[in-house]
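Numbers restart at 1 for each chain; the letters A, B, ... are given by sequence-line order, proteins then strands.
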Amino acid sequence: MTVRTRFAPSPTGYLHIGGVRTALFNWLLAKRHGGQFILRIDDTDQERHVEEAVAKIVDGFKWLDMLWDEGPEVGGPHQPYYQSQRQHLYREAVDKLVAAGKVYRDYSTDAEREADRDAAKKAKRAYRFRRVEHSDADLKRFEEEGRPYALRFQVPPGRTLVLNDLVKGEVSFDTDEIGDFVIVRPGGQPLYNFASAVDDVEMKITHVVRAEEHLSNTFPQLLIHEALGNTPPSFAHVPYVAEPGSHSKMSKRKTEEYEKRGILIFLHQYVERGYLPHALVNYLARLGWSFDDTQELFTRAELIEKFSLDRVNSSPASLDPDKLFWIEGHWMKEAPLAEKVQGAIPFLQAEGLVATPIPDDRRALLEAVILALGDRMKTFSDVVKLGRFFFEDEIRYDPAAVKKRLRKPDVPAMLRELDALLAETEPYDVATLEKAVHDFAEKTGRKMGDVVNPLRVATTGQGVGPGLYDCLFLVGRDRCRARIAGALATLDAEA
RNA sequence: GGCCCCGUCGUCUAGUGGUUAGGACACGUGCCUUUCACGCACGCAACACGGGUUCGACUCCCGUCGGGGUCACCA
């Protein structure tokens with residue numbers, strides 16, 4: 001039997017990082033066994049904006065390079081892959097359940113149920129809906145009145161359901177704890193638990209890997225499968241992702257607070273910051289899963305080869321932005337130059353630092369800059385953060401760096417000497433520049449740090465950056481001298 | 001509140017009755033070095049608590065505490 005997994009998001013808003021991890025586990029499991037990963041849109045409840053939301057999801061998976069074998073855009077043997085377009089299948093299943101007497105019409109009103117719920121709460125009891133028996137006369141009257149009804153599943157009492165969850169292990173649940181649940185609303189709309197069970201079987205899903213908040217949903221679904229005479233898929237419930245440094249679950253409601261703390265919880269935020277897709281994949285794979293006691297870094301192929309559900313942890317894992325960043329740094333270091341260039345271009349363009357499309361001379365400069373940046377470039381956006389002075393004439397001076405390196409008694413005089421040095425250095429290349437500056441320090445009896453640091457700040461505006469000689473060379477003689485003059489003017493004005 | 005899941009360094013984890021409880025991120029110190037980053041070395045740091053079971057418990061059982069889920073005509 002080939003393994004078939006699915007990710008079934010409801011099309012609302014952006015892809016959450018926890019959802020991405022769940023999808024990744026599904027994708028990895030399918031790839032591991034040479035099976036299929038299906039993307040299904042659970043839009044039973046949504047009406048508008050579905051296309052827009054699906055586009056975000058689809059774009060996200062494309063960015064991650066986690067392609068789906070069946071689903072939106074690609075189709076497949078079980079299409080359509082939108083629940084809103086699969087009504088006939090639910091209808092069929094409902095008819096079967098009605099014929100078998102497994103469901104009944106519930107004529108209760110919102111107010112009645114509300115009252116029962118309140119009473120249960122007051123009595124500190126769990127609320128369970130149970131069938132209310134109506135007389136034949138009442139039933140006849142309701143029907144004649146055309147009174148709306150929901151279809152509820154009649155839960156068999158006194159049974160213990162046992163689930164062998166692939167992550168959680170054996171979990172038992174008493175059917176007395178499950179109220180008769182609605183499978184179809186008065187309007188005819190099927191509800192999630194029901195539609196999902198029907199689709200999983202129809203799409204021949206073998207493994208349902210989903211968030212643990214669905215664990216208790218599994219038992220009603222098991223009941224549905226049984227009533228339909230279907231063999232249920234295997235289940236694996238993965239723990240939630242907690243906030244950094246805590247065991248509290250991440251909440252969509254705290255998005256603003258996370259934003260302030262610099263915690264990124266949506267996939268698009270990582271895209272916008274210039275993260276490497278595979279770094280995120282590697283990190284997320286290790287969040288709640290491990291292969292052995294040492295390996296942290298995995299290539300795509302290794303992940304596929306080594307992933308297994310039985311090494312997924314049953315306890316929650318909290319997001320660690322630092323560790324993600326470390327993994328990001330590792331993979332960026334490994335990335336070929338062409339990939340780095342390609343990834344960096346959009347960030348330069350967004351800042352107006354290079355034209356669209358990028359001219360050849362700028363591309364050549366960008367390549368040189370990326371080489372000079374070396375390991376300092378952790379994310380694609382670092383090209384802008386660390387190297388914007390290469391791309392513009394007017395530079396921004398970091399006040400802290402100016403204060404630390406330029407506002408010193410000897411500096412203006414030294415800068416004038418260095419300007420003269422740059423003017424006559426021939427040829428103007430990295431090796432010659434390096435020798436010239438070294439000789440200068442030695443000849444004038446200055447420490448290298450006292451020469452190099454002010455020169456760096458004067459010509460780049462920054463206290464940190466690539467090697468000084470790379471900077472001097474790539475910025476060019478004229479622009480370096482102009483910047484020194486500018487810095488000197490500012491310093492004089494202050495004095 | 002009922003029911004269900006979960007509990008090893010700050011964090012991710014290894015561990016399945018006998019280990020100096022291992023690794024990684026972060027952090028600290030040092031080395032390298034013109035800055036930063038990389039790299040290297042060393043260091044700090046954990047079995048939630050209380051009872052059992054056992055010759056012996058991080059490992060098994062019970063309870064407490066803590067975290068999470070669920071109890072929708074949401075997904």
In whole angstroms, how far is the P atom of G69(B) from the NE2 atom of H237(A)?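 Distance, rounded to whole Å: 15 Å.
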Please list each protein N or O that sits under 3.5 Å from an N or O in nucleotides 40-48 of chain B, with the distance.
none

By side-chain contact (heavy atoms from CB on, under 4.5 Å) - contacts of S381(A) (at least two apart):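 Checked S381(A) against side-chain contact (heavy atoms from CB on, under 4.5 Å); matches are F347(A), T379(A).
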C12(B) P sits how many Å from D292(A) CG, rounded?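 Value for this atom pair: 18 Å.
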So what's U35(B) paired with, Watson-Crick or G-U wobble, going by both distances under 3.5 Å?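 When the pairing criteria are applied, nothing turns out to pair with U35(B), so the answer is none.
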For residues 402-409 of chain A, please give each side-chain donor-acceptor pair under 3.5 Å, one per line with the distance, not counting sequence neighbours.
residue : atom : partner : partner atom : Å
R407(A) : NE   : E494(A) : OE1          : 2.7
R407(A) : NH2  : E494(A) : OE2          : 3.1
K408(A) : NZ   : K404(A) : O            : 2.8

If you count every heavy atom of other residues, nucleotides or ligands that lies below 6.0 Å from E442(A) atom CD, does the total exceed 12?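 No.
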A53(A): what forms a side-chain contact (heavy atoms from CB on, under 4.5 Å) with it, not counting sequence neighbours?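 Once residues adjacent in sequence are excluded, the partners of A53(A) under the side-chain contact (heavy atoms from CB on, under 4.5 Å) criterion are P11(A).
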Could you give the CG-to-P distance, from L215(A) to C71(B), as a whole number of Å?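 In whole Å, C71(B) P lies 12 Å from L215(A) CG.
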Output the single nucleotide from G1(B), C36(B), U70(B) whose closest atom is nearest the side chain of E213(A).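 Among G1(B), C36(B), U70(B), the one nearest the side chain of E213(A) is U70(B).
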Polar side-chain contact R128(A)-C71(B) base: donor and acceptor under 3.5 Å: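 Donor-acceptor pair under 3.5 Å: no.
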Listed in order of residue number, which residues of residues 156-183 of chain A have a non-hydrogen atom at under 4.0 Å from RNA chain B?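 RNA chain B contact set from residues 156-183 of chain A: K168(A), V171(A), S172(A), F173(A), E177(A), V182(A).
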Partners meeting side-chain contact (heavy atoms from CB on, under 4.5 Å) with P148(A) (sequence neighbours left out):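 So P148(A) forms a side-chain contact (heavy atoms from CB on, under 4.5 Å) with P186(A).
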Taking atom types as they are modelled, is there a donor-acceptor pair under 3.5 Å from the base of G23(B) to the side chain of E296(A)?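 Such a pair exists between side chain and base.
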With sequence neighbours excluded, tell me which residues meet side-chain hydrogen bond (donor to acceptor under 3.5 Å, both in side chains) with R483(A).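 With neighbours one apart ignored, the set is empty.
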Nearest 0.5 Å, please: how far is NE2 in H438(A) from NZ in K435(A)?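 Output value for this atom pair is 10.5 Å.
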Residues that Q83(A) engages under side-chain hydrogen bond (donor to acceptor under 3.5 Å, both in side chains), provided they are two or more places apart: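 By the side-chain hydrogen bond (donor to acceptor under 3.5 Å, both in side chains) rule, Q83(A) matches D42(A), D199(A).
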Can you name the residues that form a side-chain hydrogen bond (donor to acceptor under 3.5 Å, both in side chains) with D375(A), not counting sequence neighbours?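 Partners of D375(A) by the side-chain hydrogen bond (donor to acceptor under 3.5 Å, both in side chains) criterion come out as none, since no residue qualifies.
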Any N or O donor-acceptor pair under 3.5 Å from the base of A75(B) to the side chain of N217(A)?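 Result: at least one qualifying N/O pair found.
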Which residues share a salt bridge (charged side-chain N to carboxylate O under 4.0 Å, His left out) with D398(A), sequence neighbours left out: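 Scan of D398(A) (salt bridge (charged side-chain N to carboxylate O under 4.0 Å, His left out), adjacent residues dropped) gives none.
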With a 3.5 Å limit on both atom pairs, tell me what C60(B) is paired to, counting Watson-Crick and G-U wobble, or say none.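 Result: G52(B).
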Donor-acceptor pairs are to be reported for all side-chain atoms of residues 241-250 of chain A against protein atoms at under 3.5 Å, with residues two or more places apart or in another chain.
residue : atom : partner : partner atom : Å
E243(A) : OE2  : K254(A) : NZ           : 2.5
E243(A) : OE2  : Y258(A) : OH           : 2.8
S246(A) : OG   : S248(A) : N            : 2.9

Looking at RNA chain B, which of residues 443-453 of chain A put a heavy atom within less than 4.0 Å of it?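 Hits under 4.0 Å, by residue number: V452(A), N453(A).
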What is the base-pairing partner of G66(B), counting Watson-Crick and G-U wobble geometry with both distances under 3.5 Å?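 Base-paired to C6(B).
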